[in-house]
Amino acid sequence: MSVLSAKYMHDEAAAFAHVEAMLWADGPVCPHCGVVDSAYPLTGVRTKPSAKNPEGKERHGLWKCRECRKQFTVRKGTIFEESHLPLHLWLQAIHLMVSSKKGISSHQLHRVLGITYKSAWFLTHRIRECMRDGALAGFGGNGGIVEVDETFIGKEPGVKKAKNSRGGSHKMKMLTLLDRDTKRTKSIVVDDLTKATLIPILQENIAREAYVMTDEAKQYQNIGAGKVFDAHGWTNHSAGQYVDYDDAEIHTNTVEGFYSIFKRGMKGVYQHCGKQHLHRYAAEFDFRYNNRVANGVDDFERGQMALRGVVGKRLTYRQAY
């Protein structure tokens, strides 16, 4: 049976029960006082009558804390807070985003879910926020191989392309690290590709004993042999060398494969992205790549992982815009 056929994808009461089971494993948690499993459900409560709903709408998932006497739902303190969209539509949107390898556009969601484009745009940004992981990567432990590369996309705000110039100085820049052992990536939006900018980021996210793989870019020269990392291998892409002639382990083809998915999604599905939003799109592609079938995670499990990440990541429209 399709995941989208599940009852919690279409029934509001079932949607609340599903989210509560995911987020409140030890019982309802009061967001006001923090007390766990000391609340009781309020049933039959309805909103005020309106022209659209003369009898009011039933308030699903409403609880009242025995300690502080305040009411709350599982939406409080999550990306769902203050949203007028039914919770079951949120769950549909989360599944569609995590199961689309190259992403799904806000226009597509607005048509599929039957909501406005503005709502779909805001909804997708809030879901990307729950995919973000601010923790340092910790790649390359025990001498593992870490591939490092950068890519250019879109246009850097306020920067014009010089006449007859080459390279990507006028484009937005993103750095990606990939751990071959764990098959995970971490992507960071950067303002420039100088050594002073990149090396501190590498040091924060890669263990000193790692074997780092890069291309021939000058900012990566002299970072091995214990100077920054224990070992450094590189290939000369400008000379057409993509795998070292003597050691087939030395290459950055894996991270280039990640970029092929990222670029096809950004250009083919999303088409345009402002720099203020690029970090969230990067987090979205990292999340799907890190939790893919090759890492033992299917679409359903990926959706559950995204749902567990909704707590404490509320995003307002002003912040998203």
Side-chain angles (χ1 to χ4, degrees), residues 6-50 52-53 55-98 106 109 113-116 118-135 280 283-284 287 301-321:
K7 187 176 181 180
Y8 60 80
M9 292 286 190
H10 304 277
D11 180 82
E12 193 68 358
F16 270 94
H18 177 73
V19 176
E20 288 170 1
M22 291 290 298
L23 303 185
W24 292 344
D26 299 319
V29 181
C30 177
H32 303 290
C33 65
V35 173
V36 180
D37 202 20
S38 183
Y40 56 92
L42 298 176
T43 58
V45 180
R46 308 186 75 86
T47 62
K48 291 181 179 180
S50 64
K52 188 176 181 180
N53 298 285
E55 297 181 359
K57 292 175 63 177
E58 183 177 355
R59 295 191 63 186
H60 296 285
L62 187 62
W63 295 77
K64 187 168 184 176
C65 179
R66 289 188 175 92
E67 302 298 323
C68 67
R69 310 303 297 167
K70 292 183 178 179
Q71 297 180 8
F72 62 93
T73 72
V74 73
R75 287 177 180 257
K76 189 73 174 177
T78 71
I79 64 169
F80 309 129
E81 186 174 349
E82 298 297 333
S83 170
H84 296 288
L85 290 179
L87 192 59
H88 69 271
L89 289 185
W90 272 99
L91 299 182
Q92 290 183 35
I94 289 174
H95 178 74
L96 290 170
M97 284 191 70
V98 302
S106 298
L109 279 178
L113 301 180
I115 60 179
T116 66
K118 182 178 178 180
S119 294
W121 181 88
F122 187 26
L123 174 146
T124 55
H125 275 297
R126 284 197 276 188
I127 294 174
R128 289 186 190 102
E129 193 68 17
C130 80
M131 296 179 182
R132 289 181 64 198
D133 180 6
R280 293 195 187 96
E284 176 189 352
F287 179 84
E301 293 170 318
R302 197 178 309 117
Q304 302 295 79
M305 294 173 71
L307 187 55
R308 284 192 286 267
V310 303
V311 179
K313 295 181 180 177
R314 188 188 172 197
L315 184 70
T316 65
Y317 189 84
R318 184 182 297 274
Q319 290 171 322
Y321 195 81

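These figures come from a predicted structure and were not determined experimentally.
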>> Looking at every non-hydrogen atom in both residues, tell me the closest pair between R126 and I79 and how far apart they are.
In response: NH1-O, 3.2 Å
> Between Y8 and A15, which heavy-atom pair has the shortest distance, and what is it?
Replying inline: O-CB, 3.4 Å
>> For the backbone of A283 and the side chain of R132, can you confirm whether one donor and one acceptor N or O come within less than 3.5 Å of each other?
In response: no
>> For residues 75-85, which residue pairs pass the salt bridge (charged side-chain N to carboxylate O under 4.0 Å, His left out) check, not counting sequence neighbours?
In response: E12-R75, K76-E81, E81-R314
>> Could you go through R302 and F287, starting from their C-alpha distance and side-chain angles, then the distance that decides it, and tell me whether this counts as side-chain contact (heavy atoms from CB on, under 4.5 Å)?
In response: CA-CA 9 Å; R302 197 178 309 117; F287 179 84; 3.5 Å; yes
> How many angstroms lie between atom CG of L109 and atom CG of L89, to the nearest 0.5 angstrom?
Replying inline: 10.5 Å
>> Is there a side-chain contact (heavy atoms from CB on, under 4.5 Å) between T47 and N53? Walk through the geometry before answering.
In response: CA-CA 9 Å; T47 62; N53 298 285; 5.7 Å; no
>> Before you tell me yes or no, could you show the steps for H88 and H60 under side-chain contact (heavy atoms from CB on, under 4.5 Å), namely the whole-Å CA-CA distance, both residues' side-chain angles and the distance that decides it to 0.1 Å?
In response: CA-CA 12 Å; H88 69 271; H60 296 285; over 6 Å; no
> Quick one: does R280's side chain have a donor or acceptor within less than 3.5 Å of a partner on R128's backbone?
Replying inline: no
>> Determine whether a donor-acceptor pair (N or O, by modelled atom type, separation under 3.5 Å) exists between the side chain of S38 and the backbone of R66.
In response: no
>> Tell me the closest heavy-atom pair linking V29 and G34, and the distance in Å.
In response: CG1-O, 4.4 Å
> What is the minimum heavy-atom distance between L113 and A93, and which atoms define it?
Replying inline: CD1-CB, 3.9 Å
>> Please find the pair of heavy atoms, one from I94 and one from G303, that lie closest to each other, and give the distance.
In response: CG2-O, 4.1 Å
>> For a side-chain contact (heavy atoms from CB on, under 4.5 Å) check, start with the C-alpha distance between M131 and K313, then their side-chain angles and the critical distance, and finish with the verdict.
In response: CA-CA 10 Å; M131 296 179 182; K313 295 181 180 177; over 6 Å; no
>> Quick one, M22 and V74 - any side-chain contact, counting heavy atoms below 4.5 Å?
In response: no
>> To the nearest 0.5 Å, what is the distance between CG on L23 and CZ on F80?
In response: 7.5 Å
>> Are the side chains of L91 and V19 in contact, using a 4.5 Å heavy-atom criterion?
In response: yes
> What side chain to side chain donor-acceptor pair (under 3.5 Å) pairs are there with at least one residue in residues 20-32, not counting sequence neighbours?
Replying inline: E20-W63
> Under a 4.5 Å cut-off applied to non-hydrogen side-chain atoms, are V45 and Q71 in contact?
Replying inline: no
> Looking at side-chain heavy atoms only, is the closest gap between H125 and E129 below 4.5 Å?
Replying inline: no
> Is there a side-chain contact between R46 and E58, using heavy atoms and a 4.5 Å cut-off?
Replying inline: yes
>> So D37 and P28, do their side chains get closer than 4.5 Å, heavy atoms only?
In response: yes
> So which heavy atom on A39 is nearest to which on C65, and how close?
Replying inline: CB-CA, 4.0 Å
> Side-chain contact, heavy-atom cut-off 4.5 Å: W90 with I127?
Replying inline: yes
